[in-house]
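Read through the structure below, which is laid out as structure tokens, and then see the notes.
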Amino acid sequence: MHTIRDAMIVFRDEVSASLRNRVGIAIGLVQPCVYLFLFGPLLTKALPSQGDNAWRMYIPGLLVQLALFTTAYAGFNLIPDMRSGYLERLRVTPASRLALLLGRVLRDLVLLTIQLLCILALGLAFGLRASLPGVLASAGYVLLLGISLASLSYMLALRLPLEYLFAPVLNGICLPLMLLSGILLPMTFAPGWLRGISDANPLRYAVDAMRDLFDGRFSTQPVAIGALVVMALAALSMRLSTRVFGQYNS
Amino acid sequence: MQIISDSVLLFRRHLDTTMKSKISILIGMVQPVLYLLLFGPMLEKALPDASGSNAWQMYVPGLLVQLGLFGAGYAGFNLIPDMRAGVIERMRVTPISRLALLLGRVMRDAVVMLIQAVMLTLVAVGFGLRAPLVGVVGSFVMVLALAISLASMSYLLALSLPTEYLFAPVVNTVALPLLLLSGILLPMTFAPGWLSVLSHFSPFRYIVDGMRDLFLGHYATRSVLEGAIVAGVLVVGSLALGTRKFVQANS
Amino acid sequence: MIQVRGLTKTFSSKKGNVTAVAGVDFEVGAGEIVGFLGPNGAGKTTTMRMLTTLLKPSGGSAVIAGHDLLRASGEVRRTIGYVSQTGGAKPAAIIRNDIVLQGRLHGMSKSEAHARADAVLAEFEIEDLAERTAATLSGGQRRRVDMALGLVHRPPVLFLDEPTANLDPQSRALVWSHIRRLREEHGTTVFISTHYLDEADNLCDRVLIIDRGRVVAEDTPEQLKAAIAHDTVQIDVADAVDRAVETLARVDGVHSVSADGNSLSLACDQADQNLSVLLRQLDLAEVRVESVRVVKPSLDDVFMAITHRGRTEATEHAHA
């Protein structure tokens, strides 16, 4: 199908530029690494109720935080392309709007995977012991989240009338999302009303699911719900974003 | 003294500008307010020996320091458009003393942060914070010292960086570890040995600990003393460095 | 090659609806170079973006190279090339790679795309720029790269939006010669939108004058000039200026005479044919003529005449 072919062409073009920017990849790792080094050890001691391996509780959240703060900012890469007329030129080729989106999202997933592996390696060094199949399945959840976050980020970049609004708006969205996903402290500590609000946060279901998976529990309700949520979100985000790619007018 | 009247003159001018866009004062508070609303309530259960308002007494001081790090810490950002417009150069050629140039801005930043600190504390009261007024006022004095030092350091940074695009990333990269090491999210009482040692290198840790004691109503403790000394050193040091930079800087 | 019927575009905003294009009809035959001429805001770019599938029309239809614009937009994109006002080169990309990418997105294999890139780099004389990035080029060089990008897949139809805007005269002439060569060597159909009157005059077989979303005139540049505006004749006389003015004003076909010192300026029809009549009349009136010059109208005059007339009509309708 020529959409896949075109998506791969876009992907290869975008990924070679991104992989050359090693500094950028490293910078994306700074925040989760800092949290890993300076917050993780605190948490694991502070919550003895978490059983033998408190890292199993913390790392899943950290991976979602990684996805949130790197992939959600993917739209930044689109803004120069919009400004230079490059995106518009691509839209007048036979390549479909889906191909243009997919190529970019795949690139974002590659970067996310590299960063994910780095964090997991560091976690291992700090004492993380978890079920390997669980970790792999969790990585799947993170990548699906990455698809949603990247697509929505591109959509935001395409829709915002003023490009300097992009970073502030995104910051304003990502922080509450992070706080409401149980990343710093699991939502079990939250009072009822706060838990209620977090029920509206898809990221929370992903974190809950991944915590079970890291423990090696595959057939729990959170795992199932989490899977549905991340898959539905990915499908919806891609559909919306593809449409906005087609409507974009400079 | 000439310096004081010059500083006050500039301070008034900067304050007028800031007051025209009150929204910007609120926007600077968004991050700590979100933490207050969405993270604070969880600490009651998370901190085993804290119950009821105790958890807020532990948390709000840290939150005020966080306000400083990400609020006053970003003060230098406002300098960048002025630098680009050559305003700074123009001012430096007037007879106004270098220190006054810095003080005028820093005073404005301190006032803004005080306003934000008061608002934040009031919201926390709404969420269940109960603390002695004397302690809270004492903490605000520390907040003022914090604002002055962080704003000065921020201007120092803005003038020292080769390109303006580095400002936000550098501030973020520096502020985040300082935030975590100062025991702001979770107190350092739980830290393993090496982490605890590391945290002693963050000046803000002493300030947070001092403010926590004040909020609990303990006024004559070692933490309060340490916090006050560190705050004082920060103020003097940052003003000195900041002024020197204002003198040297070429835009 | 291009058939457009009643193409319309209305934008809805908070202040109400704005009709940028109010029903445009025209045809462009294979191998023609046709220009859309109009001031900024007339609807040229909007029409072009509709024809290049970037914008969905509010009404009307179009067929480009046999493909329906609304129903076969993918096919349309395959057969057209488009060079927008700002061009579409990726500033940080190496030009050769960018051209190859474009070719591949048009369905070419890697080797095809490389071969076509070489061909198009040679055609626009930018081979020595191929390893540089677009951001480092001058305006004229950028334009040629943009055109190379638009033509890598050898489309039978090319759309150019303000191709020489902001270019120096030398680059403009170069771009014009490239466009002419496209038609001569490849039979490419070219549709240009421009607000430069000399560009339309110089390049186009036919000109469509567009004002406020409507085509208000359509013909070859020469016909338009002849039909609408008047020639100007400038006569320098030695003396008897008033007598000269009186005499000339009575000649058939002379619309107006004005004098600036000894220089007379006449607006009249068919100056070439009437010149001998004018000179004979002056001779009979014993006016000594020092010099004569005929100035044919430019598209400038045509444009002023048409749109001015258009606006007067509009105001009349408003009062009616």
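Order of the sequence lines sets the chain letters (A, B, ...), proteins ahead of strands, with each chain counted from 1.
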If you compare all heavy atoms of B:M42 against all heavy atoms of A:P186, which two are closest, and at what distance to 0.1 Å? SD-O, 3.9 Å
Tell me whether the count of non-hydrogen atoms from other residues, nucleotides or ligands lying under 6.0 Å of CD1 in B:I23 goes above 12. no
Atom CG of A:L185 and atom CG of B:L185: how far apart are they, to the nearest 0.5 Å? 8.5 Å
To the nearest 0.5 Å, what is the distance between CG on B:L176 and SG on A:C33? 11.0 Å
Here the pair of heavy atoms bringing A:L42 nearest to B:A191 is CD2-N, 3.5 Å
I need the A:M178 CE to B:Y35 OH distance, nearest 0.5 Å. 4.0 Å
Starting at CG of A:L177, measure out to CG of B:L34 and round the result to the nearest 0.5 Å. 10.5 Å
Side chain, backbone, both or neither of A:L38 within contact of chain B (heavy atoms, under 4.5 Å): both
State, to 0.1 Å, how close B:P192 and A:P41 come at their nearest heavy-atom pair, and which atoms those are. CG-CB, 3.8 Å
Taking all atoms of both residues into account, what is the closest heavy-atom pair of B:W194 and A:F37, and its distance? CH2-O, 3.3 Å
Name the option with the most non-hydrogen atom pairs under 4.5 Å to chain A; the candidates are B:T173, B:T189, B:N172, B:L195. B:L195
Let me confirm one number: the CG-CG distance from A:L175 to B:L38, rounded to the nearest 0.5 Å. 7.5 Å
A:V30 versus chain B, the contacting section by heavy-atom distance below 4.5 Å: side chain
Atom CE of residue position B:M153 - does it have more than 12 heavy atoms of other residues, nucleotides or ligands inside 6.0 Å? no
Rounded to the nearest 0.5 Å, what separation is found between the CG atom of B:L179 and the CZ atom of A:F39? 9.5 Å
Per-residue contact mode, B:S196 against chain A (heavy atom under 4.5 angstrom): neither
Below 4.5 Å from any heavy atom of chain A, which atoms of B:L198 appear? Answer side chain, backbone, both or neither. side chain
Is the number of heavy atoms from other residues, nucleotides or ligands within 6.0 Å of CZ (B:F77) greater than 12? no
